[in-house]
Amino acid sequence: MNANGEKTVVVIPTYDELENVERMAAAVLATPGVELLFVDDNSPDGTGAKIDEMAKSEPRVSCLHRERKEGLGRAYVAGFAKALSMGAGKVVQMDCDFSHDPKDLVRLLAEDADLVIGSRYVPGGSTPGWPFKRRLISRCGGIFIRAVTGMPLRDPTGGYKCWRAETLRRIDFESVASAGYSFQLEMNHRAWKAGCSIREIPIQFSDRAAGYSKITAGIAVESLKIALRLRYGGVRRKQEGA
Ligand SMILES: Nc1nc2c(ncn2[C@@H]2O[C@H](COP(=O)(O)OP(=O)(O)OP(=O)(O)O)[C@@H](O)[C@H]2O)c(=O)[nH]1
Ligand SMILES: [Mg+2]
């Protein structure tokens, strides 16, 4: 609970993050008043069991176990639904690999907006250690997405964000079907279209601390396709028959 009596739930999807998960929990829980919900897709390395063990002695930690790996987007949809059912007033999403610095949580939570995005590409934001090629792809991808969708965001695919619970309900997040980076894009697009207030604050996005990346070229390409569909139609909500 924060000073306004509002609960904040930090949602972290995990797949094979055994090397990071304990340190991450400690770092997140250093922020007063937040609860931590992991969403584990039956990680083969035993991440889920490790979280359950932590949860036994730390009531602020819980884990939503899913049967199989279905991509980041599906994990977040399930995690957000669970966070809302826990009574969250604010829901934060972040990675488990320390690319997103848990110390930035305080700044993210201090903003007064329907959606706060930790941005690599506003003044003060950065991606230290990224090779030129990755920097170029990410930057060009962002520019392409902005040009095609018209959405005025510097970092449309970033994954460190804070949602008002009300915003999530308003955009019917459960019908978002994208799996990878495009999940971030589609969620932002819905919030923007719904007229929500969106603020980008600078973050430093570091390389993962340990473990391996689950991002594939296909996931990156998906977001470009989704950008085109968001602009020219075709991304429909599930209940409308997509
Ligand atoms: N539950 C679940 N978590 C996932 C899945 N795919 C990725 N994750 C988690 O989502 C977060 C981001 O995944 P990463 O592999 O770091 O992808 P990325 O940060 O976009 O790419 P890198 O910068 O290369 O690390 C991490 O906490 C992963 O463990 C999935 O299918 N299910
Ligand atoms: Mg990562």
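Quick caveat, the model's predicted, so the values are computed rather than measured. Throughout, numbering of the chain's residues begins at 1 and tracks the sequence. All ligand and atom numbering here is 1-based and tracks the order in the structure.
Ligand 1 places these atoms under 4.0 Å from at least one heavy atom of A75: 1 (N), 2 (C). Taking every heavy atom of D97 and a limit of under 4.0 angstrom, the matching atoms of ligand 1 come to 16 (O), 19 (O), 25 (O).
Atom 10 (O) of ligand 1 has as its closest protein heavy atom L72 CD1, 2.9 Å. For atom 19 (O) of ligand 1, the closest non-hydrogen atom on the protein side is D95 OD2, 3.1 Å. Closest to atom 9 (C) of ligand 1 among all protein heavy atoms lies P13 O, 3.4 Å. Closest to atom 17 (O) of ligand 1, if we only count protein heavy atoms, is I215 CG1, 3.4 Å. With hydrogens left out, the protein atom closest to atom 15 (O) of ligand 1 is K214 N, 2.6 Å, a heavy atom. Annotation: atom 5 (C) of ligand 1 to nearest protein heavy atom, K69 NZ, 3.6 Å.
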Original post:
Checking side chain to side chain contact (heavy atoms under 4.5 Å, CB included) for the pair F173/L84: CA distance, chi angles, key distance, verdict?
Top reply: CA-CA 12 Å; F173 68 94; L84 294 182; 3.6 Å; yes
Subject >> Intermediate values then yes/no, side chain to side chain contact (heavy atoms under 4.5 Å, CB included), W163 and M187 >> reply: CA-CA 10 Å; W163 297 88; M187 291 285 286; 3.7 Å; yes
**OP:** Could you give me the CA-CA distance, side-chain angles and deciding distance for K161 and N188, then say whether side chain to side chain contact (heavy atoms under 4.5 Å, CB included) is met?
**Re:** CA-CA 10 Å; K161 307 198 268 194; N188 292 344; 2.7 Å; yes
**OP:** Show your reasoning for whether side chain to side chain contact (heavy atoms under 4.5 Å, CB included) applies to T8 and L105.
**Re:** CA-CA 11 Å; T8 297; L105 270 173; over 6 Å; no
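Checking only distances, S213 does come within under 3.5 Å of ligand 1, N or O to N or O. Considering both main-chain and side-chain atoms, S99 never comes within under 3.5 Å of ligand 1 through any nitrogen or oxygen pair. Of the N or O atoms in G71, one or more lie within a sub-3.5 Å distance of an N or O in ligand 1. Close N/O approach between T14 and ligand 1 is found [any backbone or side-chain N/O within under 3.5 Å].
Using a 4.5 Å heavy-atom cutoff, the side chains of R66 and R74 are in contact. At least one side-chain heavy atom of W192 sits under 4.5 Å from a side-chain heavy atom of P152.
Side-chain polar atoms of R229 and S178 form no donor-acceptor pair below 3.5 angstrom.
Between K90 and E111 there is no salt bridge, since no side-chain nitrogen of the basic residue lies less than 4.0 Å from a carboxylate oxygen of the acidic one. A salt bridge is defined here as a Lys NZ or Arg NE, NH1 or NH2 lying under 4.0 Å from an Asp or Glu carboxylate O, and R146 with D155 fails to meet this definition. Ion pair K50/E53 flagged as a salt bridge, since at least one NZ, NE, NH1 or NH2 atom sits closer than 4.0 Å to an Asp/Glu carboxylate oxygen.
V77 and V91 fall within a single hydrophobic cluster, where Ile, Leu, Val, Met, Phe, Trp and Tyr side chains are chained together by heavy-atom contacts under 4.5 Å.
If you look at C96 next to ligand 1, the close heavy atoms, those under 4.0 Å, come from the backbone and the side chain alike. Contact annotation for V39 and ligand 1: only backbone heavy atoms (N, CA, C, O) come within less than 4.0 Å of the ligand. Using a 4.0 Å cut-off between heavy atoms, D41 contacts ligand 1 through both its backbone and its side chain. Residue contacts with ligand 1, taken as heavy atom pairs separated by less than 4.0 Å, involve R134 solely via side-chain atoms from C-beta onward.
Only protein atoms were considered; those of element N, O or S under 2.8 Å from the Mg ion (ligand 2) number 1.
The structure places CG of L18 at 9.0 Å from CD1 of I51, a figure rounded to the nearest 0.5 Å.
Of the candidates Q93, E17, R208, it is E17 that places a heavy atom closest to atom 28 (C) of ligand 1.
Ring pair F205/W130 is perpendicular by interplanar angle, where above 60° counts as perpendicular and below 30° as parallel.
What you find for A194 and I171 is that their closest heavy atoms are CB-CG2, 4.3 Å.
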